[in-house]
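Heads up: the structure comes next, in structure tokens.
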Amino acid sequence: MKIIIVGNGKVGYAIARQLSVEEHDITVVDRSLSALNRADSTLDVMCVEGNGASISVLKNAGVADADLVIAVTSSDETNLVCCLIAKKLGAKHTVARVRNTDYRMDAEMLKREVGLSMVINPDWAAALEIARILSFPAAFSVEPFARGRIDMIGFQVSSKDALCGIPLSEFNRKRLADVLFCAAEQAGEYIIPDGDFVPRAGDRIYMVGTRQELQKMVHGMGRTVQKVKRVSLLGGSRIAMYLTWELARNNTKVCIVEMSHEECGILADELPGAMIIEGDGTDANLIQSEGVFDVDAFVSLTGRDEENLLMAATAQRAGVPKTIAKMTRPNYMELVREAGIESIISPKDIVANQITRYVRSLANSEGSSIDSFYKLLGGSVEALEFTATAACTAILNKPLRELRLKKGMLLAAIVREKETIIPNGTTTVREGDHVVVITAGAYIRNLSDILEN
């Protein structure tokens, strides 16, 4: 596919990096020569310098022949104008990043009036992910499938967990819950675990199942399933605003610490149910006097990775049961692990995953559609949800034990109408099923790609 990405900031670069390895023809447009030099030296892309909302610049980038234009500059309005012009000049599909909270209810209208194929909002997407994690605090990530019918949760194995040091085949005999352990990282190796796999303390493992069954398993492992009722947020960003709106659905009490007097006024107007504290959230006296750490969860959302990491680690040492930090730089991940912070949120990576799912679906319009897409364990493992169509003749209505799956492939779950299935060798896939596939190392864009040729 010919794809033009307008804007090579953090989000644009993350999208370009993810799509460029999937053999697409990528062109990056940006006003900044230094940003383009970075992309040119590290990625297999073409670079065009200039304003992405300019007709001449878009023509120079080849917009008339573009399958997809993705506008992710720092300006919502520029992104919308860019997509409108690109569509008029012949681009088949357009995607715009729209972050302003004033537009949060207008996505469908914008798609209709501007001709957008998709609207992406990194801040809203990050807020939803944080809210999911807070709804399941024993996990460091929670990924929904089949419109929330099932979840995949990731957790770090503790020496106190009932499964630590026991082969999964032996642990599963206890039948604590109907879930499937589907991906793991152990000693730097990323694998699809089988019955012989022995979890060790420090391993990161994913399991999939319904929310009820996952809670039963977590409880059976010896972990708490207590709900988060009080949350402190450091930084009054757009993510904080979106997250507070989302947490209000469950009557979760939210406290936001923000230094800017002007921002505090905006937050107070928009979030009347939240406690807004004006001050330096790194000040120990303020933290103690205002009880910032006397909560069930602490989320650090400032624009500085270093501060987010430091304060999440400080909250954890102070005894806050759940801590989450927003991070944008991958080079800090080793520090994250050393600090023991399990849950990290990266808005740019969330959006890159959304775009990758959309692009793979476009490139596979004749096959089974990709409904959900997530990169796990640093991107080494992928989790995809497909809708099985009549085109999947090699898979439909055949017992799984008769299918020759590629190495590193796992069919993890099936949702069929009102039924949720953790599959075994006798399970069959039917037309219309939602099928969750885990793959370690193989690129797939169609359900049939899981089979050996």
Side-chain angles (χ1 to χ4, degrees), residues 132 135-136 138-139 141-155 157 161-163 166-184 191-199 203-221 223 225 368 370-374 376-377 381-388 392 395-440 444 447 450-451:
R132 289 196 299 268
S135 73
F136 214 127
S141 73
V142 180
E143 317 294 2
F145 294 92
R147 298 181 179 180
R149 294 273 301 280
I150 56 175
D151 288 316
M152 178 180 297
I153 69 167
F155 65 97
V157 178
D161 289 334
L163 54 63
I166 300 174
L168 288 183
S169 57
E170 181 179 337
F171 180 75
N172 286 334
R173 291 193 192 104
K174 300 178 182 179
R175 301 294 300 172
L176 297 177
D178 191 20
V179 304
L180 180 69
F181 295 94
C182 55
I191 58 176
I192 305 296
D194 57 18
D196 296 328
F197 178 76
V198 180
D203 290 355
R204 292 194 294 168
I205 297 180
Y206 283 83
M207 58 183 174
V208 64
T210 64
R211 176 60 62 99
Q212 182 179 9
E213 292 298 314
L214 288 170
Q215 288 179 334
K216 285 168 59 177
M217 176 58 76
V218 168
H219 185 265
M221 287 165 47
R223 297 196 177 199
V225 291
S368 49
I370 301 177
D371 301 315
S372 303
F373 174 88
Y374 305 100
L376 315 175
L377 302 173
V381 177
E382 293 182 357
L384 306 96
E385 175 193 347
F386 295 94
T387 299
C392 305
I395 292 177
L396 294 179
N397 305 314
K398 297 179 182 178
L400 294 186
R401 65 188 174 202
E402 296 181 9
L403 301 179
R404 294 182 58 204
L405 301 186
K406 291 177 181 176
K407 184 178 180 181
M409 294 284 177
L410 176 67
L411 204 157
I414 297 172
V415 174
R416 177 180 301 149
E417 297 178 350
K418 296 182 179 181
E419 184 181 9
T420 300
I421 304 166
I422 300 299
N424 56 41
T426 63
T427 303
T428 60
V429 176
R430 300 177 188 172
E431 184 178 351
D433 285 354
H434 294 272
V435 183
V436 178
V437 174
I438 311 298
T439 171
I444 62 173
L447 183 55
I450 69 175
L451 299 179

- Does Phe386 reach the side chain of Val429, with side-chain heavy atoms less than 4.5 Å apart? no
- Task: Working to the nearest 0.5 Å, report the span between CG of Leu376 and OH of Tyr206.
- Result: 4.5 Å
- If you take all heavy atoms of Val142 and Arg211, which pair is closest and at what distance? CG1-NH2, 3.9 Å
- Scanning both residues in full, the closest heavy-atom pair of Ile450 with Val437 reads CG2-CG1, 3.8 Å
- Closest approach of Ala412 and Ile438, non-hydrogen atoms and distance? CB-CG1, 3.9 Å
- Output the distance between atom CG (Leu447) and atom CD1 (Ile395), rounded to the nearest 0.5 Å. 4.0 Å
- Task: Please name all residues satisfying salt bridge (charged side-chain N to carboxylate O under 4.0 Å, His left out) with Glu382, sequence neighbours left out, ordered by chain then number.
- Result: Arg360, Lys375
- Gap between atom CZ of Arg404 and atom CE of Met409 - 0.5 Å precision: 13.5 Å
- Quick one: does Met207's side chain get under 4.5 Å of Val218's, heavy atoms only? yes
- Note on the structure: Interatomic distance, NZ@Lys398 vs SG@Cys392, rounded to 0.5 Å, equals 11.5 Å
- Going through the checks in order, is the side-chain contact (heavy atoms from CB on, under 4.5 Å) test met by Thr427 and Leu411? CA-CA 10 Å; Thr427 303; Leu411 204 157; over 6 Å; no
With a 3.5 Å cut-off and sequence neighbours excluded, list the donor-acceptor pairs that the side chains of residues 169-179 form with protein atoms.
{"residue": "Ser169", "atom": "OG", "partner": "Gly195", "partner atom": "O", "Å": "3.1"}
{"residue": "Asn172", "atom": "ND2", "partner": "Leu168", "partner atom": "O", "Å": "3.1"}

- Task: First locate atom OG1 of Thr420, then atom CD of Glu213, and finally report the distance between them rounded to the nearest 0.5 Å.
- Result: 9.5 Å
- Item | Candidate pair Arg430 and Asn397, rule side-chain contact (heavy atoms from CB on, under 4.5 Å), full reasoning | CA-CA 6 Å; Arg430 300 177 188 172; Asn397 305 314; 3.9 Å; yes
- Query: Side-chain contact, heavy-atom cut-off 4.5 Å: Met152 with Phe145?
  - Reply: yes
- Looking only at heavy atoms, what is the nearest atom pair of Pro199 and Ile205, with distance? CB-CD1, 3.8 Å
- Item | Donor-acceptor contact below 3.5 Å, side chain Asp151 vs main chain Ile153 | no
- Can you measure from CG (Leu384) to OG (Ser372) and round to the nearest 0.5 angstrom? 9.0 Å
- Item | Closest non-hydrogen atom pair between Leu451 and Leu403, with its separation | CD2-CB, 3.9 Å
- Item | Shortest non-hydrogen separation from Thr387 to Gly432 and the atoms involved | CG2-O, 4.3 Å
